[in-house]
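Report on one structure; see the data block that follows.
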Amino acid sequence: MILWLIVRRVLFLFMVIWAAATIVFFVPRLSDTNPIRERFAELARTGGFSPADLEKIIESYTKQFGLDQPLIQQYWDYMGQIIRFDFGYSLNRYPSTVMDLIMQALPWTLALLIVTTILSFIIGNLLGAISAWPKAPRWLRTFATPFILLTGVPPVIMGVLLIYFIGFQLALLPLGGAYSIGIVPDWSDFGFWMDTVKHQILPALALVLGSVGGWVLSMRGMGITIQGEDYVNFAEHKGLNPGRIFRDYYLRNTLLPQATGLALALGTVVTSAIIVEGLFGLPGIGTALNNAIRSNDFPVIYGIVLFITAAVATIMVLMEFIYPLLDPRIKQQ
């Protein structure tokens, strides 16, 4: 039974990746734009190519990237590359490969996502649990209200507000970028680390403030529901310490559905992070994807979208296997 469950989930994962690969292949091709012609036409305006030379170069690159083949042949070649984990070369930054560009941008995105997701999950669930706990101090329960009010503000709008008030008006933090202009990246230098962290604060705040309220609301709803459960009432009648009841009987059980919600929210979190990265000019996956879209760099668009889709789908599948470990009452059927 367990083996069949694993097989079904793995097949589902491959179906999701195949569907995503098919969509991202055909959608950019709905446009009549020739990415190679657009790219070299831009270079010709600044580099002085003659029209004859330009046409020869475009024809050569078109054959090299297989864009002269019928659409269905391009699709099969593309799927074959995906199976071999080969996303090809970037049209805009040739001869760099798509995987090279992803690996260069991935650490910035991972650092931002991991920190903001963990912070928003912990802060939001803790505030939500406290706001629903009747024995918590009144001032502490009302502390979650401002975060709830910020729920309707998209992270990109929150980022704009932070840039204007904190970065521009108060000049407390940098307006954008991964590090200060003129600094040579050196990860062995503590000063470079501190400068990088300073540049990450505003985008991290934009993501955290935009997502904490959602966790507060969902956790508060779970907390109100669980207050009438028999095991909570039994613990109270036994005379256990309120702090222990809150930690072991109340918070622990309300966190279980939130773990599932975390996996489901990853898609929204990744999308928000991509937009915020572009707003603050961080050299992450979002900036690489925005640059690829503007330059019609099909291979980079394919590679990044597939990478994100596969990562989110894989995490959701893994969460299905992890959840029974978090809650032994759950049995896979």
Side-chain angles (χ1 to χ4, degrees), residues 90 92-93 96-127 147 150 153-213 215 262-263 265-292 300 303-304 307-308 310-312 314-315 318:
S90 168
N92 191 38
R93 298 182 59 182
S96 297
T97 65
V98 175
M99 190 56 69
D100 288 340
L101 298 180
I102 293 177
M103 290 298 105
Q104 292 172 9
L106 186 61
W108 297 96
T109 300
L110 279 181
L112 182 64
L113 274 178
I114 291 174
V115 172
T116 55
T117 302
I118 292 176
L119 283 178
S120 60
F121 183 80
I122 293 175
I123 295 173
N125 284 291
L126 187 59
L127 288 177
F147 293 98
L150 293 175
V153 182
V156 63
I157 303 299
M158 183 66 67
V160 173
L161 295 175
L162 291 174
I163 289 174
Y164 179 75
F165 289 106
I166 298 180
F168 181 72
Q169 292 290 344
L170 300 178
L172 297 177
L173 292 169
L175 297 176
Y179 43 83
S180 300
I181 299 175
I183 291 183
V184 178
D186 183 7
W187 295 108
S188 62
D189 182 10
F190 181 74
F192 176 73
W193 276 92
M194 295 305 299
D195 184 76
T196 302
V197 170
K198 184 189 295 185
H199 282 74
Q200 305 295 315
I201 293 177
L202 283 185
L205 274 177
L207 291 174
V208 170
L209 293 177
S211 57
V212 165
W215 292 117
L262 177 61
L266 281 176
T268 304
V269 171
V270 171
T271 304
S272 299
I274 288 175
I275 298 175
V276 169
E277 279 183 354
L279 175 65
F280 285 91
L282 300 177
I285 295 292
T287 300
L289 181 59
N290 290 332
N291 293 336
V300 176
I304 292 178
F307 185 85
I308 294 173
V312 173
T314 301
I315 293 175
L318 289 176

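Bear in mind that the values here come from a model prediction, so they are computed numbers and not experimental data.
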About how many Å separate [atom2] of [Y] and [atom1] of [X], when rounded to the nearest 0.5 Å?
X      : Y      : atom1 : atom2 : answer
Glu277 : Leu289 : CD    : CG    : 10.0 Å
Ile304 : Asn290 : CD1   : CG    : 9.0 Å
Leu175 : Leu279 : CG    : CG    : 10.5 Å
Ile201 : Leu162 : CD1   : CG    : 11.5 Å
Leu113 : Ile118 : CG    : CD1   : 10.5 Å
Ile285 : Met103 : CD1   : CE    : 7.0 Å

Please report the closest heavy-atom contact between [X] and [Y], naming both atoms and the distance.
X      : Y      : value
Lys198 : Pro174 : CG-CD, 3.5 Å
Ser120 : Ser211 : CB-OG, 3.2 Å
Val98  : Gly303 : CG1-CA, 4.0 Å

Out of Ile102, Asn291, Leu101, which residue meets the side chain to side chain contact (heavy atoms under 4.5 Å, CB included) rule with Val300?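 Only one of Ile102, Asn291, Leu101 forms a side chain to side chain contact (heavy atoms under 4.5 Å, CB included) with Val300, namely Leu101.
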
Among Ile114, Leu112, Leu119, side chain to side chain contact (heavy atoms under 4.5 Å, CB included) partner for Thr116: Leu112

Validation row: [X], [Y] side chains within 4.5 angstrom (heavy atoms):
X      : Y      : result
Leu106 : Phe307 : yes
Gln200 : Trp108 : yes
Ile163 : Phe280 : yes

